[in-house]
*Asks:* 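Attaching a single structure in structure tokens format; questions to follow.
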Amino acid sequence: VNLAGETEPGRRSEIIRRRLEFERDSAAFRARWAASTAALKAAVERARGLLPRLRLTDQARGRAAALAAEARAAGHRADLALCLAARAAAAFAQAQAAESADDAGGGELCEVQPDWVDRMAAHVVPARRRPPPRPASRPIEAVVVRQAAEADRLAEAFSLSGQPEKPPEPRDESPDPDQALTLTIYETAESFEIVSPKTRAEIGSRLRAGRRGSRETAKARGRAFKTTARRLGRPLSLSATLRAAAPRQAERRLGEEERLILKPADLREKVYRQKTGRLVVFVVDSSGSIGTLYRMEEAKAAALALLADAYRKRDRVALVAFYGREAQLLLPPTNSPDLAARLLAALPSGGKTPLAAALALTHQLLRTERARDPKLTPYVVLMTDGRPNVPLEPQAAPWPEVLRLAGLMAADPSLKFLLIDTDRGAYNEYKLTRELAERLGCPRINLEELREGRLERWLETA
């Protein structure tokens with residue numbers, strides 16, 4: 001369900017008025033809306049009674065399947081959710097129109113027509129819509145822009161990133177001010193699927209797709225697994241509270257009547273463990289050197305495969321790209337890998353390799369996310385051919401600067417890394433990505449190994 005704040009001033013004013021009224025006198029507020037709440041509750045109960053009598057027609061099921069197929073939804077959950085939503089909506093509409101379940105058709109079987117499927121499509125289909133597959137790799141567009149206009153064009157192309165649209169000042173050190181930068185958009189190579197083995201935390205009584213693991217949360221969400229005397233407003237554990245109070249009852253009563261005496265120090269709250277995905281930050285090298293020998297097409301295919309795996313695991317993803325002379329946060333952390341896939345498909349290639357800027361931007365992003373959630377364990381997927389040639393500091397050597405930044409990031413034990421070497425050819429083993437992987441303390445695999453779907457070396461460190 002996509003939720004958004006009200007934009008109409010009158011409705012916003014009414015929301016504020018009701019909230020303040022509730023804070024002044026919550027009991028009176030509840031009493032005022034008790035009748036409408038009771039009517040809504042009765043309608044829901046009648047709808048539950050009507051639900052077994054409703055049957056989807058063949059046309060309605062066919063319409064749900066057609067809408068899900070048109071959206072290229074993965075699996076069959078979209079079809080099923082659409083059918084269940086259509087039945088529920090039809091039952092609730094009949095329940096609202098009837099004073100009791102007996103008035104709504106008695107025990108007769110009712111049919112749910114395709115129009116109910118169409119009404120619910122807007123609530124079900126968009127969340128599972130996937131982009132169409134791209135054909136075999138080939139350059140489809142070459143755009144030549146001047147260095148001074150590069151940031152303007154990219155800000156417009158990636159307006160979905162939510163970043164400020166003010167273009168950064170170009171940092172062209174070329175003596176020729178008319179020197180142009182050629183950007184080429186490459187299509188994605190043939191797609192493939194990564195079958196990543198489950199980590200120990202993901203193996204339970206039943207092997208099933210879902211979030212990677214669970215962790216303690218300060219909210220009352222998930223499953224309670226222990227109790228604590230710390231007070232955070234979570235539900236109380238009756239059994240733990242009684243056990244804490246029992247040894248002190250004799251000294252508390254002191255001749256009073258036989259009754260249980262509780263004190264604030266006895267109260268025990270439930271502590272919950274919640275299933276959670278992880279944050280995966282994709283740092284993609286889109287420089288000119290990647291665009292040769294079909295490496296950019298293969299790199300995009302590999303990134304899309306990793307995004308599909310993140311979707312199955314309910315991970316949040318972020319996308320950082322670097323080319324030209326700077327790095328950009330194309331997509332802040334989001335629960336929509338499909339959005340990252342669309343931005344990745346339109347990512348152009350060209351220019352130099354500002355790897356140091358990409359590491360600095362990634363480190364800044366992770367610091368912000370860790371400040372919001374100190375227990376977060378981010379994963380950084382760095383895709384590069386290891387040829388940095390744009391330093392952060394003027395007159396600095398690019399490669400030592402990259403190694404220094406990598407060492408600073410690797411010093412944080414909560415960060416995990418995977419280095420995907422996007423280079424190809426016989427000289428691949430002699431490049432600097434090996435040293436970069438050692439400095440990050442992470443596995444280093446190439447595109448061919450990733451296409452085979454083998455990620456054990458990475459997951460052993462996860």
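When a residue number appears, it is its place in the shown sequence, counting from 1.
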*Asks:* Between His363 and Leu408, is any pair of side-chain heavy atoms under 4.5 Å apart?
*Replies:* no

*Asks:* Using atom types as modelled and distance alone, determine if a side-chain donor or acceptor of Glu269 lies under 3.5 Å from a backbone N or O of Thr227.
*Replies:* no

*Asks:* Short question: side chain of Arg268, backbone of Ala265 - any donor-acceptor pair under 3.5 Å?
*Replies:* yes

*Asks:* Before you tell me yes or no, could you show the steps for Arg234 and Val271 under side-chain contact (heavy atoms from CB on, under 4.5 Å), namely the whole-Å CA-CA distance, both residues' side-chain angles and the distance that decides it to 0.1 Å?
*Replies:* CA-CA 8 Å; Arg234 295 166 293 195; Val271 180; 4.1 Å; yes

*Asks:* Side chains of Leu236 and Lys270: closer than 4.5 Å at any heavy-atom pair?
*Replies:* no

*Asks:* So, for Val112 and Ala60, which heavy atoms are closest and what is the spacing to 0.1 Å?
*Replies:* O-CB, 3.5 Å

*Asks:* So Tyr272 and Pro235, do their side chains get closer than 4.5 Å, heavy atoms only?
*Replies:* yes

*Asks:* At their closest point, which heavy atom of Phe417 faces which heavy atom of Ala410, and how far apart are they?
*Replies:* CE1-CA, 4.2 Å

*Asks:* Test side-chain contact (heavy atoms from CB on, under 4.5 Å) on Leu361 and Leu329 and set out the steps.
*Replies:* CA-CA 8 Å; Leu361 179 60; Leu329 176 60; 4.2 Å; yes

*Asks:* Between Asp266 and Lys263, is there a donor-acceptor pair closer than 3.5 Å when you use the side chain of the first and the backbone of the second?
*Replies:* yes

*Asks:* Got Arg11 and Glu14 here, is their nearest side-chain heavy-atom distance under 4.5 Å?
*Replies:* no

*Asks:* Quick check for you: to the nearest 0.5 Å, what is the distance between Ser287 atom OG and Arg387 atom CZ?
*Replies:* 8.5 Å

*Asks:* Please determine whether side-chain contact (heavy atoms from CB on, under 4.5 Å) holds for the pair Phe92 and Val44, giving the CA-CA distance in whole Å, both sets of side-chain angles, and the decisive distance to 0.1 Å.
*Replies:* CA-CA 7 Å; Phe92 187 70; Val44 171; 3.9 Å; yes

*Asks:* Strictly distance-based, threshold 3.5 Å: is any side-chain N or O of Thr241 a donor or acceptor partner for the main-chain N or O of Ser237?
*Replies:* yes

*Asks:* Begin from the C-alpha positions of Phe282 and Val317 and carry the test side-chain contact (heavy atoms from CB on, under 4.5 Å) through to its verdict.
*Replies:* CA-CA 7 Å; Phe282 291 87; Val317 298; 4.0 Å; yes

*Asks:* Determine yes or no for a side-chain-to-main-chain donor-acceptor pair under 3.5 angstrom, with Thr228 supplying the side chain and Arg230 the backbone.
*Replies:* yes

*Asks:* How about Phe29 and Arg18: do any of their side-chain heavy atoms sit closer than 4.5 Å?
*Replies:* yes

*Asks:* For the residue pair Asp285 and Tyr323, establish whether any side-chain heavy-atom pair is separated by less than 4.5 Å.
*Replies:* no

*Asks:* State the CG-CG distance between Leu84 and Leu56, to the nearest 0.5 angstrom.
*Replies:* 8.5 Å

*Asks:* Using a 3.5 Å distance criterion without hydrogens, assess whether the side chain of Glu393 forms a donor-acceptor pair with backbone atoms of Ala396.
*Replies:* no

*Asks:* How about CD on Glu6, more than 12 heavy atoms from neighbouring residues, nucleotides or ligands closer than 6.0 Å, or not?
*Replies:* yes

*Asks:* For a 4.5 angstrom cut-off between non-hydrogen side-chain atoms, does Thr362 reach Val380?
*Replies:* yes

*Asks:* Once you round to the nearest 0.5 Å, how far does CD1 of Ile420 lie from CD1 of Ile445?
*Replies:* 5.0 Å

*Asks:* Heavy atoms only: give me the nearest Ala356-Glu401 pair and the separation to one decimal.
*Replies:* CB-OE1, 3.6 Å

*Asks:* Checking side chain to side chain donor-acceptor pair (under 3.5 Å) for the pair Arg316/Thr334: CA distance, chi angles, key distance, verdict?
*Replies:* CA-CA 5 Å; Arg316 290 192 306 147; Thr334 177; over 6 Å; no

*Asks:* Does this structure show an ion pair linking Arg434 with Glu438, if we count only N-O contacts that are shorter than 4.0 Å?
*Replies:* no

*Asks:* Determine whether Glu369 and Pro333 make a side-chain contact, defined as any pair of heavy atoms from C-beta on separated by less than 4.5 Å.
*Replies:* yes

*Asks:* Can you see which heavy atom on Met409 is nearest to which on Leu359, and at what distance?
*Replies:* SD-O, 3.7 Å

*Asks:* Are any side-chain N or O atoms of Glu326 and backbone N or O atoms of Ala357, one a donor and one an acceptor, separated by less than 3.5 Å?
*Replies:* no

*Asks:* Hey, does the side chain of Arg128 reach the backbone of Ala71 with a donor-acceptor pair shorter than 3.5 angstrom?
*Replies:* no

*Asks:* List in chain and number order the residues that pass side-chain contact (heavy atoms from CB on, under 4.5 Å) with Thr368, two or more places apart in sequence or in another chain; answer none if no residue qualifies.
*Replies:* Arg372

*Asks:* Rounded to the nearest 0.5 Å, how far does CG of Leu403 lie from CG of Leu405?
*Replies:* 9.0 Å

*Asks:* Does a side-chain N-to-carboxylate-O contact under 4.0 Å join Arg24 and Glu21?
*Replies:* no

*Asks:* Could you list the residues that satisfy side-chain contact (heavy atoms from CB on, under 4.5 Å) with Gln395, not counting sequence neighbours?
*Replies:* none

*Asks:* Could you give the distance from CG (Leu436) to SG (Cys442), rounded to the nearest 0.5 Å?
*Replies:* 7.0 Å

*Asks:* Tell me the closest heavy-atom pair linking Leu366 and Leu279, and the distance in Å.
*Replies:* CD2-CD2, 4.4 Å

*Asks:* Would you name the heavy atoms of Arg119 and His123 that are closest together and state the gap between them?
*Replies:* O-CD2, 3.8 Å

*Asks:* Side chain to side chain donor-acceptor pair (under 3.5 Å) between Thr377 and Ser414: does it pass, once the steps are laid out?
*Replies:* CA-CA 5 Å; Thr377 304; Ser414 66; over 6 Å; no

*Asks:* Calculate, to the nearest 0.5 Å, the distance between atoms CZ and CG belonging to Phe322 and Leu330 respectively.
*Replies:* 11.5 Å

*Asks:* Say whether, by atom type as modelled, one donor and one acceptor occur between the side chain of Ser13 and the main chain of Pro9 under 3.5 angstrom.
*Replies:* no

*Asks:* Do any N or O atoms from the side chain of Arg248 and from the backbone of Ala244 form a donor-acceptor pair under 3.5 angstrom?
*Replies:* yes

